[in-house]
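Right, one structure below, let's go through it.
In the text below, chain A, chain B and the rest are named by the order of the sequence lines, each starting its count at 1.
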There are 2 protein chains.
Amino acid sequence: MTFIKSVEKAIDILSCFTLETPVLKVVEISNQTNLTQSTVSRILATLAKKKCLEQVGASGKYRLGIKFYQWASVLRQKKNLSDLARPVMEKLRDFCGEEVTLHGLDENRRICFEAVKSRFGVAKVTPVGKILPLHCGAGGKVLLAFLPPPERRKIIEGKGLEQFTSNTIVDPLLLEKDLEKIRRDGYAVSKGEREEGAYSIVAPIFDQNGKIAASLSISGPIFRLSDLDLAKNAEAVKNAAKEITTNFGECID
Amino acid sequence: MTFIKSVEKAIDILSCFTLETPVLKVVEISNQTNLTQSTVSRILATLAKKKCLEQVGASGKYRLGIKFYQWASVLRQKKNLSDLARPVMEKLRDFCGEEVTLHGLDENRRICFEAVKSRFGVAKVTPVGKILPLHCGAGGKVLLAFLPPPERRKIIEGKGLEQFTSNTIVDPLLLEKDLEKIRRDGYAVSKGEREEGAYSIVAPIFDQNGKIAASLSISGPIFRLSDLDLAKNAEAVKNAAKEITTNFGECID
DNA sequence: AATCTTATTGCACAATATGCATAAACGATT
DNA sequence: AATCGTTTATGCATATTGTGCAATAAGATT
C-alpha cells in the first residue's frame, strides 16, 4: 500500500492542536513534528486556505478553523460503539459510583472518546477528546496488551517509555510481563501509573473480527477504590465489556 | 504562496463527510471531488492509517475516525467569537423568540457554528455544523455581500447558482444588485430563498481589520415573521451584530 | 536603533504522487 | 455454486510536485 506522505505530514501537524496547546506557531509545530519550518509553513498555509486552521488575531499563531465544526457535527450523530456502550457504561457507573470511560487507539497514543461522570465530588475526570499514552494507565495497557504482537512491539520499542509518575513502568521487559498478565486475567489495573492518586480497572472490548476495538475503564481516587474490592469490581468491568462486545458483534454497522 | 496539492485533495475528500452523508465509499468520493479512483483510494488509505477515517464493518465504506474526537474537544473549549457572541445571541432570541445563528465562510459555502434555539414549537432549526450555500438565504448573502469583490465574483461566477426554491436568485446580475442593497441597508432578508416557508433577517459581524467574520441571523417560519415587523427586527439584529463586532474588536485574542 | 528570533519565498533538484492498465476483491443475480 | 458486473487496490514509468537550502522579510526584544 502506498501512503501519501504530505497528507501524513498535514495530519501530524493538525495533531499538535490539543486541549493543552490549542494555539501554535510554526516553530513550535516544527519542533514537535521534526518537519522543517518551510514545510510546516507551507502546509499551514494550505490548511488555512482550506479553513482547517485560522490565524489568531495579529499574533500569526494558528488554531483550528471552521471546517472542524462540520466534522464535529458528523461525529455527534455518528451511530457507533458509543451508542451501544452508553447504557452499559451508565449501569456500571451506578454500580461503582466512579467515572466510566471508553478509550480507542490513535497510532501510538489513545484518545478518550466517551465518558460517564462519577457520582462523587472528589473524582477522576477525563474529558472526551483527551490524548493519553498507551504504555501507562490501565486503559492504555489493555489496548496494548491485545494489539497484534508486531504492532505492540513497534510501540513499546518506539522512542522510550516516558516516566509519568514513580509507578510508571518504563522497562519494556517488565511492561511485556505485565501485559501478559493482563491477557491472562482479562483486565488491567493501574495504581497511579500515569497520574498520582488515581486507580483504575479496565477490560477490553473487541470488534466482530476479534480485534481490540476499545478499552472500558472505571477510575477514581485511590483512597476509595481499595484492593479489597478489586475482584468484585474487575468482575463488573469484565462483564460490562463483554456485554458491549456482544452488542457490537450483533450490530451489522 | 505555494500550496500543497495533495493536502488540499485530502481536505476535499474529508469535506465529503457531512451530516447528510457520513459514510462514503471510493467511487462516491471520486465523483464528488473529480479525483480519480486511484488517488481517492490512496488518500483514503492514508487517512485511515492516521485514524482520521475508519472502515465501517465489512462494507469497506469509510467514516470519520477517532482522531476527530481530539479535534472536537479542542473546538469545544476554544475561546472565540462564539463565547463573545452567545450572551448577545440569547438576548436577541429573547427579544424575537426565533432561532438565532452564526454562520462563517468555508471556501464557497458557509457553516453554521453557533445556534440559540427558538422558543417556539414550530420553528426554524439549524444544527451546528450544517453546511449551506452562500448565494441564497440571508445568512449566505450577507457573507457574500461583504466579501472583497474579487473573491465574491469568483464565487458567484463559479459553477452556477443552484436553484433551491422558486425564490432562489439564480441570475448573477440580480444577485449582485441584491448584494449591493444589502451593503447599503446593513442587513439582508430572505423569504424562502433556500428553504420554502423560511424567513430570515441577517446582519454582518466584522473582525478587527474590518473583514467580514460571520453573519448573525434570526430565522423562523414565514407566517410568524411578518414584513410589518421587519424594521424593528432588522434594527435589533443590526444592533446585536454591532455589539458582537465591538466586543470582538476589543478582545485581543 | 540594533540584534535576535521567527516566518516566508525563489530556485534547482530529487522525491513523490499520478494515471493507466491490470489484477484482485466483492456483491449481486441466476 | 458459478458467473458477471462493480468497485477497490496496485505496479510501473513519467512528470508533476514538494523539499531543503539560503536569502529575505517581518516581528520581537533589548
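Every residue two or more places apart in sequence or in another chain was checked for a side chain to side chain donor-acceptor pair (under 3.5 Å) with A:T46, and none qualifies. Taking the ring-ring contact (aromatic ring centres under 6.0 Å, His included) definition, one finds that A:F113 meets it with B:Y69, sequence neighbours left out. Residues forming a salt bridge (Lys or Arg N to Asp or Glu O under 4.0 Å) with A:R194 (at least two apart in sequence, or on another chain): none. In this structure B:R183 satisfies the salt bridge (Lys or Arg N to Asp or Glu O under 4.0 Å) test with no other residue, sequence neighbours excluded. Residues satisfying the side chain to side chain donor-acceptor pair (under 3.5 Å) criterion with A:T2, sequence neighbours excluded, are absent altogether.
If you measure from atom NZ of B:K25 to atom C1' of D:dT7, you get 7 Å, rounded to the nearest angstrom. One atom, CD of A:E8, and another, C1' of D:dG18, lie 15 Å apart when rounded to the nearest Å. Put simply, CD1 on B:I29 is 14 Å from P on D:dT7, counting in whole angstrom units.
Pairs passing the side-chain hydrogen bond (donor to acceptor under 3.5 Å, both in side chains) check and including a residue from residues 4-14 of chain A, sequence neighbours excluded, read A:S6-B:S6, A:E8-B:K49, A:D12-B:K50. The side-chain hydrogen bond (donor to acceptor under 3.5 Å, both in side chains) pairs that include a residue from residues 129-139 of chain A are A:E20-A:K130, where partners are two or more places apart or lie in different chains.
Helix bend of the helix from C:dA1-D:dT30 to C:dT30-D:dA1: the angle between its two end axes, each built from five pairs, comes to 60° after rounding to 10°.
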List the steps and the verdict of side chain to side chain donor-acceptor pair (under 3.5 Å) for B:R109 and A:Q70. CA-CA 11 Å; B:R109 323 171 305 170; A:Q70 172 188 336; 3.0 Å; yes
List the protein contact pattern of nucleotides 8-24 of chain C with one symbol per nucleotide (5' to 3'): B for base contact, S for sugar-phosphate-only contact, - for none; contact means a heavy-atom distance under 4.0 Å. SBB-----SSBBB----
